[in-house]
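Here is the structure we will look at.
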Amino acid sequence: MRAIATSALSLPRRPPSSGQTAIRHLLALHQALDLPAPANARDDLAHLRLLRQRAAIALASIARLIGDPRSDEQDYLSEADHIRHQLADLPPA
């Protein structure tokens with residue numbers, strides 16, 4: 001997984017106009033990264049792999065939004081839906 005230097009990324013010029021839109025996107029990011037702890041030590045590797053896949057989805061979403069200074073409320077809504085669809089394609093937590 002390639003690390004993204006946060007100093008190379010800039011914040012969007014206009015945040016979404018609706019607080020609800022930003023909350024929806026943050027909830028989707030939380031859903032992507034929130035995994036229950038593995039049941040036992042044997043499950044650690046599978047847990048870390050799934051978490052890495054989910055983190056990559058979240059990072060890609062964030063990078064798309066902050067990489068485009070024209071990101072608006074519709075972009076945030078679209079990204080939240082995109083995250084949820086990508087999570088549906090992964091194995092269950």
Side-chain angles (χ1 to χ4, degrees):
M1 179 168 46
R2 185 175 67 78
I4 297 176
T6 54
S7 60
L9 300 174
S10 61
L11 295 176
R13 293 181 194 155
R14 285 182 288 128
S17 59
S18 169
Q20 291 299 316
T21 299
I23 290 170
R24 184 173 170 188
H25 186 253
L26 289 173
L27 287 172
L29 292 173
H30 182 268
Q31 181 182 1
L33 298 173
D34 188 33
L35 286 177
N40 54 56
R42 291 182 316 211
D43 295 336
D44 279 347
L45 186 57
H47 177 265
L48 290 173
R49 285 183 177 147
L50 183 57
L51 185 58
R52 182 180 63 206
Q53 289 175 314
R54 289 169 165 245
I57 291 169
L59 284 172
S61 174
I62 293 167
R64 279 190 295 273
L65 289 172
I66 65 175
D68 183 357
R70 297 166 299 174
S71 292
D72 61 11
E73 184 174 1
Q74 188 59 42
D75 294 319
Y76 279 75
L77 290 171
S78 176
E79 280 298 322
D81 289 338
H82 184 67
I83 289 170
R84 288 189 177 96
H85 285 119
Q86 284 189 304
L87 292 178
D89 292 338
L90 294 178

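What you see is a predicted model; the values in this text were computed from it and never measured.
- Separation of atoms CZ (R52) and CD1 (I57) is listed at 12.0 Å; rounding is to 0.5 Å.
- Summarising the geometry, atom CG belonging to L29 is positioned 6.0 Å from atom CG belonging to L26; distances are rounded to the nearest 0.5 Å.
- Scanning all heavy atoms of the two residues, the minimum distance from T21 to E73 falls at OG1-OE2, 2.7 Å.
- Note: L87 CG to Q53 CD = 10.5 Å, rounded to the nearest 0.5 Å.
- Checked against side chain to side chain contact (heavy atoms under 4.5 Å, CB included), L33 has the following partners two or more places apart in sequence or in another chain: A55, A58.
- Residue pairs meeting the ring-ring contact (aromatic ring centres under 6.0 Å, His included) criterion with at least one member in residues 21-42, sequence neighbours excluded, are H25-Y76.
- Cluster annotation: L51 and I83 are assigned to the same hydrophobic cluster (Ile/Leu/Val/Met/Phe/Trp/Tyr, side-chain heavy-atom contacts under 4.5 Å, transitive).
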Which donor-acceptor pairs under 3.5 Å do side chains of residues 35-47 form with protein atoms, sequence neighbours excluded?
from : atom 1 : to  : atom 2 : distance (Å)
N40  : OD1    : R42 : N      : 3.0
N40  : OD1    : D43 : N      : 3.3
H47  : NE2    : P36 : O      : 3.2

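- Residue pairs meeting the salt bridge (Lys or Arg N to Asp or Glu O under 4.0 Å) criterion with at least one member in residues 76-89, sequence neighbours excluded: R24-D81, R64-E79.
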